[in-house]
> 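I have a structure I would like to understand better, so I am pasting it below and will then ask my questions one at a time.
This chain uses plain numbering: 1 for the first residue, then up along the sequence. Keep in mind that what you see is a predicted model, and the values were worked out from it rather than measured. All ligand and atom numbering here is 1-based and tracks the order in the structure. Below, all heavy atoms of this structure are taken into account, side chains as well, without hydrogens, waters or symmetry copies.
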Amino acid sequence: MNANADKNPFYALKLAQKQISILDDQLLRRKLLHTETPCDTHPIVQGRQLNAFCSNDYLGLANHPQLINSLAEGAKKYGAGSGASHLISGHSVVHDLLEKKLAQFQSKHIPDVRALFFCTGYLANLTAITGLAALNTSGGVSIYSAALNHASLIDGTRLAAAQTKANTHIFDHNNLSQLKHNLQSDPAELKIIAIDGVFSMDGDIAPIKDLLAIAKEYDALLIVDDAHGFGVLGEQGHGLLEMLNVHSSRIIYIGTLGKAAGISGAFICANEFFIEWLVQKGRPYIYSTASPPAIAHALIASLNLIEGEDGKNRRRQLHKLITLWQDEMVFSSWGKISSSMPIQPVILGSNATALEAAKLLDEAGYWIPAIRPPTVPVGSSRLRITFSANHSVDDVQKLMDTLKRVEHQIIGI
Ligand SMILES: Cc1ncc(COP(=O)(O)O)c(C=O)c1O
């Protein structure tokens, strides 16, 4: 065989090269950077120590000594890997314990609640939407998905449409009258509304109480993806449902565990019959190797921290930083979204401006990547600034000074 045969560009390879050069031309090519130290507020990134304001480690637990110990302890007790999917032989007693604890967190909000643990939030969202849509195989399913939903809810909706012929409807951001209007004339027997509890790129909170009232009026299920609220919202950090004090069997609550909980994974909490159905029919759940039991062991420690004094103090610190930013960050011309969450976007518009701002910040020792389409709508490229409880007031004050300087450099004043 000619060893050089595959070196000549063939069709697929030429296509990949061309597509990547198009991304370069559009200023949409993304770059992988590697960290050399644990996730924290001042990591070493490719040899330089930076001030990071970009992780989702809101409570600063990713490098918490108790969780590191717990992960090591879990590995000693349960080994390195799970060995199989949950329904074959990968479901450990500690997965079960974690699920019980997660269910307890939502027990005041979802009657007869049961939790199901997943390797990632992406997988949980795919499973929730496709699995629930599969409850009705006669084609009478409609999924209503909010326009600014996370990619995993969007992809779950697309997959459900392909697998079950569900009709899909995208409703504009917070446009509940549009949602109601479409539901009114919808003959589908099974209706599912899916929404981010906290919008990941804007930091605003979805109107869950109003959505729940609509779900009741039109006999729909309400999927709430609280990836960014779990651990952060509510007195005990149980998330958005706790903060709003809502309860309903119609709610399918999804939380992720790689953000405020500091480790990795995700879960769905819902009425026990919905969860049992997902165990039976949720393809992304069924056909994935279970997450290592050691992760579940460490997550139980994380949940204890979240609802205990340590978690409360961390939420207080976060709140202090958010208030400081809201009160004192004033740009000359850039837009700031009013968010009560640790996600604080600065909308810059073009890809070029967002990249320029990120570059100047990098030169000043800050790690805040430019967020561009398709993660955000075209024309709304931005800096997505995120706070962690491990940031100090001084860190945020210095960030604000640097941002003002960068703004002036870019707009030329
Ligand atoms: C709103 C939202 N849902 C789901 C996910 C996916 O979670 P995971 O990273 O655990 O796959 C993310 C982020 O990653 C998110 O921001």
> Go through ligand 1 atom by atom and flag the ones less than 4.0 Å from a non-hydrogen atom of Asn125.
3 (N), 4 (C)
> Should Lys77 and Glu73 count as an ion pair when the cut-off is N to O under 4.0 Å?
no
> Considering non-hydrogen atoms of the protein only, which is the closest contact for atom 15 (C) of ligand 1, and what is the distance?
His150 CD2, 3.2 Å
> Taking only heavy atoms of Ala227 into account, list the atoms of ligand 1 that are under 4.0 Å away from them.
1 (C), 2 (C), 3 (N), 15 (C)
> Without hydrogens or angle criteria, can the side chains of Tyr218 and Asp186 be said to hold a donor-acceptor pair below 3.5 Å?
no
> Find all atoms of ligand 1 within a distance of less than 4.0 Å from any non-hydrogen atom belonging to Tyr122, and give their numbers and elements.
6 (C), 7 (O), 8 (P), 11 (O)
> Should Gly258 be listed as contacting ligand 1, given a heavy-atom distance under 4.0 Å as the test?
no
> Say whether Ser381 and Asn351, considering side chains only, have a donor N or O and an acceptor N or O under 3.5 Å apart.
yes
> Which atoms of ligand 1 sit under 4.0 Å from any heavy atom of His228?
1 (C), 15 (C), 16 (O)
> Looking at Glu36 and Arg48, does any basic side-chain N land under 4.0 Å from a carboxylate oxygen?
no
> Can Arg114 and Glu276 be counted as an ion pair, charged N to O under 4.0 angstrom?
yes
> With respect to Asp196, determine whether any N or O atom, backbone or side chain, lies less than 3.5 Å from an N or O atom of ligand 1.
no
> Looking just at side-chain N and O atoms, do Arg30 and Thr375 make a donor-acceptor pair shorter than 3.5 Å?
yes
> Distance under 4.0 Å to a non-hydrogen atom of Gly121: what atoms of ligand 1 satisfy this?
6 (C), 7 (O), 8 (P), 10 (O), 11 (O)
> Does Asp155 come within less than 4.0 Å of Arg158, counting only side-chain N to carboxylate O?
yes
> Among protein heavy atoms, which sits nearest to atom 9 (O) of ligand 1, and what does the distance come to when rounded to 0.1 Å?
Lys259 NZ, 3.6 Å
> Could you list the atoms of ligand 1 found under 4.0 angstrom from a heavy atom of Asp225?
1 (C), 2 (C), 3 (N), 4 (C)
